[in-house]
2 protein chains.
Amino acid sequence: MTQLNDYKEIAAKKVALRDAQLKKEWLVPEADLPPKNIKDVLNFPEESGYLSASEIEITNADARTIVEKIKAKEWTSVEVTKAFCHRASIAHQLTNCLTEVFFDEALETAAVLDELYRETGKLQGPLHGLPISLKDCFNLKGKASSIGIVGYAFSPEGGMPEDAVLATILKDLGAVFYVKTNIPTAMMTGESFNNLWGRTLNPFNRDLTAGGSSGGEAALSALKGSPLSVGTDIGGSIRIPAAFQNIYGLRPSFGRFPTFGCRPGLAGFESVVSVNGPMARSIDALLLYSQAVIGAEPWLQDPRAIEIPWRSIELPTKLTFAVLWDDGICKPHPPILRGLQETVDKLKAAGHEVIEWDPRLHLKLLTLAGALFTSDGGNRIKGLVGLTGEPLLEALLGLTNAAEISTSKLWELQLERNIVARDYLLQFVGTASQTSSGRPIDGILLPAAPCAGAPHEKFKYVGYTVAYNVLDYTSATFPVTRADSSIDIADKDYIARNPTEKEAWDSYDAEQNHGGAVSIQLVGKRLEEEKVLAMLKVIAKVVDYKQ
Amino acid sequence: MTQLNDYKEIAAKKVALRDAQLKKEWLVPEADLPPKNIKDVLNFPEESGYLSASEIEITNADARTIVEKIKAKEWTSVEVTKAFCHRASIAHQLTNCLTEVFFDEALETAAVLDELYRETGKLQGPLHGLPISLKDCFNLKGKASSIGIVGYAFSPEGGMPEDAVLATILKDLGAVFYVKTNIPTAMMTGESFNNLWGRTLNPFNRDLTAGGSSGGEAALSALKGSPLSVGTDIGGSIRIPAAFQNIYGLRPSFGRFPTFGCRPGLAGFESVVSVNGPMARSIDALLLYSQAVIGAEPWLQDPRAIEIPWRSIELPTKLTFAVLWDDGICKPHPPILRGLQETVDKLKAAGHEVIEWDPRLHLKLLTLAGALFTSDGGNRIKGLVGLTGEPLLEALLGLTNAAEISTSKLWELQLERNIVARDYLLQFVGTASQTSSGRPIDGILLPAAPCAGAPHEKFKYVGYTVAYNVLDYTSATFPVTRADSSIDIADKDYIARNPTEKEAWDSYDAEQNHGGAVSIQLVGKRLEEEKVLAMLKVIAKVVDYKQ
């Protein structure tokens with residue numbers, strides 16, 4: 001693309017190519033789209049009149065139901081794929097959530113799977129015929145992984161040379177890929193905005209950010225344009241957008257799911273590890289995905305995957321949680337505290353035990369995260385935006401203004417991280433002395449973010465999630481309620497304890513935040529994916545949130 | 001120790017304190033020790049006349065037998081401990097293998113365990129009463145972990161503030177600690193020599209190095225001064241000394257055994273991970289140890305330990321190995337090639353299959369290892385020797401002469417490492433197309449080092465082991481034979497392909513190397529500890545080496 005000198009030209013060309021892939025018959029005419037002042041567009045696709053009853057039925061179905069209906073020959077993969085392509089197109093019109101679009105290829109794949117099933121009577125695998133949407137960073141052969149970097153829009157020429165290991169595995173399991181989704185520049189901020197694709201909006205309230213970095217996935221999923229999403233998480237990138245869109249998101253510990261062959265934001269950075277995991281409107285979809293991917297033995301393809309098969313888990317009837325109300329750095333906004341309180345109350349009412357979690361190690365974790373993420377002085381990010389000279393977003397200045405540290409200093413930080421991880425583990429295991437069962441807590445309940453979504457460019461504080469990236473603990477988010485301007489009144493007398501908190505509290509306005517998604521985070525120890533999902537099911541039943 | 005300005009003074013004081021812990025009744029009078037020209041001292045302890053028949057019987061027993069005899073009340077832990085203290089003292093006189101010596105404490109611990117058993121009829125755990133020797137780097141509360149650094153001889157004052165996690169676990173399982181053992185400066189060369197404790201000799205041939213960095217453990221074990229040794233390995237530090245002393249050594253993958261609370265040579269360095277594992281004269285001892293430690297759930301104490309319980313393993317009747325004769329960088333010396341050939345021949349004769357391993361990725365692995373180990377420009381090592389101004393050993397100049405690299409460059413190297421790890425995994429799994437079973441190989445057989453021990457200060461090439469530290473593959477060594485000057489004739493016409501190989505071949509002299517230990521390395525994939533030990537049993541039976 002040497003003839004395009006201006007980053008805007010490159011971006012425009014790329015966007016035009018993407019738009020050309022959107023089929024006219026699946027788009028709502030401009031005039032029939034909700035006007036900009038309509039903030040909550042969650043129900044628009046269904047109410048628009050542009051989706052058929054069958055398309056609505058299919059796209060409202062859970063991932064497992066879809067596979068079962070295909071197996072039962074009630075639906076074909078082509079039908080299912082068409083329905084999701086259609087609804088994803090509308091979701092994109094509402095939120096700008098898609099990057100790579102390849103509906104024709106998807107329909108071909110679906111047709112091949114249908115044919116295979118017709119001919120052999122056998123399914124390709126446990127995800128046979130199921131459309132799965134992927135965050136932009138998952139390499140697919142022949143397609144770009146531009147990760148919000150204009151210089152990557154057409155690089156490498158001809159697209160990626162091979163599929164990510166995860167994509168290979170999902171294909172082998174029968175998945176149908178049809179779209180990739182939007183993210184922040186290099187996936188390194190908490191809002192899905194970049195100079196290539198622009199901004200993804202939150203369908204709960206389009207004045208709010210979709211969050212990031214897996215924001216496109218979450219917006220698409222909430223609008224039921226995807227039955228199963230795959231995101232990545234290095235600081236909260238699955239949990240924040242999942243929480244901001246009230247879907248379920250699982251941040252597994254490193255090694256459970258294969259990561260090889262994704263285009264990273266900070267290539268080679270390992271002091272805090274990036275992982276990928278599923279996001280969906282149902283826990284069952286997360287379970288279906290996790291069992292299928294791990295059942296495919298990713299450790300035979302990814303050198304860093306860990307050979308732990310999917311384990312059966314038996315939870316105690318009475319669970320014990322610790323609740324963290326406030327990490328001591330940024331007190332959550334009223335809707336989040338209400339959501340957490342409701343969760344705790346309902347769990348107690350259901351017979352579970354809840355003790356308090358002392359957040360004494362969280363400042364240390366946050367400080368370490370900051371130092372580790374900026375350890376290259378932002379050189380990697382600068383290099384990426386420098387490919388075309390696109391402007392650096394303000395939200396990235398924290399990364400790029402840092403001074404690069406020496407390897408010796410990095411080693412010191414890694415040592416510190418291990419020490420705080422040890423202290424955190426001892427605190428977790430040590431709760432045995434405070435529970436009525438004499439066992440340690442099963443998990444920690446805390447906010448996923450201090451806010452129920454935030455106005456665009458106002459979401460900054462990722463401390464509630466990044467703590468568990470530093471620790472590599474299994475964590476997940478679950479929806480509880482929505483922000484309500486009539487009850488989630490800001491405490492005007494609250495005196496912020498630091499500039500970060502002041503900024504977060506200054507940006508809270510009950511009216512502006514109305515309708516925002518309220519999700520809570522559940523944290524288990526490292527490599528406890530089975531247990532966290534099992535607990536999630538218990539909690540979700542008690543919380544009883546309706547998607 | 002501010003009054004001691006000279007590093008030699010500090011070292012002398014420390015050595016004197018150690019010597020004061022050696023009990024006169026357990027030392028062989030100077031005059032009765034073998035003269036310096038006696039190279040092979042393996043049988044001296046037994047033939048010296050200074051060990052009682054009972055002490056010989058106890059110290060010749062396998063670790064599991066010892067625990068069983070204690071359980072059967074045939075032996076007490078005090079008797080057993082005394083026997084090993086005695087034999088360890090003689091081993092030390094022959095090879096200079098001990099650093100911290102605390103026989104009195106050991107006997108007290110043993111007495112407490114005996115008393116517990118007498119009173120309750122219950123054993124403390126699966127290692128009840130068993131003496132276990134530890135490499136110097138394992139922190140024990142109140143004792144130094146000087147790791148061959150003079151400046152650490154008395155620092156921190158009063159010794160380490162707490163036990164390493166592994167030590168805590170072993171104690172809980174019933175182990176009796178009685179000695180720590182010698183290593184190279186900061187454990188960062190392949191020979192156990194440092195300015196604090198001096199040099200550990202190889203009991204097979206005292207003109208040869210004991211290897212390193214767990215050289216003290218291996219010399220002690222070979223002389224039966226310890227039934228179960230614990231070493232660490234970041235570049236071959238378990239496997240090299242195990243191989244040079246013809247004992248079994250297991251380098252597990254990172255996360256199986258707890259590492260928290262060891263004093264590292266390169267603190268905070270994680271691009272290649274240091275692990276610890278057992279070394280002993282019997283595979284059964286390695287199994288006893290591994291099952292016991294993992295059974296203690298180290299992941300509840302060490303934040304980086306992985307929750308994989310000890311798994312039962314069923315091997316196919318016919319195993320398939322790939323053999324790597326020469327890594328393309330440093331061709332093994334005649335005794336090693338003969339040992340490897342004998343192993344392959346015997347395995348084939350026993351019905352197993354052996355294919356060839358293409359070492360095409362080994363140069364890349366070696367280059368990466370070099371770049372990663374020196375990424376801090378040797379600052380850490382310089383800081384350690386700088387504590388007292390002790391001279392830097394020549395063998396460490398490779399580390400300290402490198403320039404420190406930037407964090408950005410380190411990230412690039414880590415990325416390269418992941419790519420070669422992926423290629424190696426695909427090569428391993430891809431052998432399925434070459435085996436008669438259609439399954440991938442079960443393991444790789446190759447040298448642990450290019451030599452059967454080396455003259456002091458002549459052991460340099462760690463490529464055969466460090467490759468698997470970069471990959472974090474489970475690997476182990478097993479004894480095959482001993483070097484024999486009458487048959488292991490140097491090929492005078494061999495033209496070295498590079499300076500490293502020239503140096504290694506120039507240092508080979510069949511006479512000088514006579515009697516050196518010949519061990520072979522077995523490599524499985526990552527986190528295959530159970531499988532590697534199970535294969536080791538099959539191989540050992542076929543090879544039939546007598547300790």
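Below, read A as the first sequence line, B as the second, and so on, with proteins coming before strands; counting in each chain starts at 1.
Annotation for Arg422(B) and Gln301(A): closest pair NH1-O, 2.7 Å, computed over non-hydrogen atoms. Contact detail for Ala267(B) and Trp411(A): the closest heavy-atom pair is O-CB, 3.4 Å.
Other residues, nucleotides and ligands contribute at most 12 non-hydrogen atoms within 6.0 Å of the NZ atom of Lys141(A).
Distance CG/Leu266(B) to OG1/Thr407(A): 12.0 Å, rounded to 0.5 Å. Atom OG of Ser406(B) sits about 10.5 Å away from atom CG of Leu410(A), to the nearest 0.5 Å. If you take CD1 on Ile308(A) and CZ on Arg311(B), they are separated by 8.5 Å, rounding to the nearest 0.5 Å. Rounding to the nearest 0.5 Å places OG of Ser253(B) at 10.5 Å from CD of Glu307(A). Taking CZ of Phe254(A) as the reference point, atom CD1 of Ile306(B) lies at 10.5 Å (rounded to 0.5 Å).
Proximity of Arg380(A) to Glu412(B): side-chain heavy atoms (C-beta onward) are nowhere separated by under 4.5 Å. Residues Arg526(A) and Pro303(B) have side chains not in contact (no heavy-atom distance under 4.5 Å, counting atoms from C-beta outward).
In this structure, the portions of Asn418(B) lying under 4.5 Å from any heavy atom of chain A include both its backbone and its side chain. With a threshold of 4.5 angstrom between heavy atoms, Arg304(B) approaches chain A through its backbone and through its side chain. Contact of Phe269(A) with chain B is made through backbone and side chain together, with heavy-atom distances under 4.5 Å. If you measure heavy-atom distances from Glu404(B) to chain A, the contacts under 4.5 Å come from the side chain alone.
Ranked by heavy-atom pairs under 4.5 Å with chain B, the first of Asp472(A), Leu425(A), Ile419(A), Leu415(A) is Leu425(A). When each of Val429(A), Leu300(A), Leu527(A) is scored by its heavy-atom pairs under 4.5 Å with chain B, the top score falls to Leu300(A).
Side chains of Asn379(B) and Ser408(A): a donor-acceptor N/O pair is present below 3.5 angstrom, by distance only.
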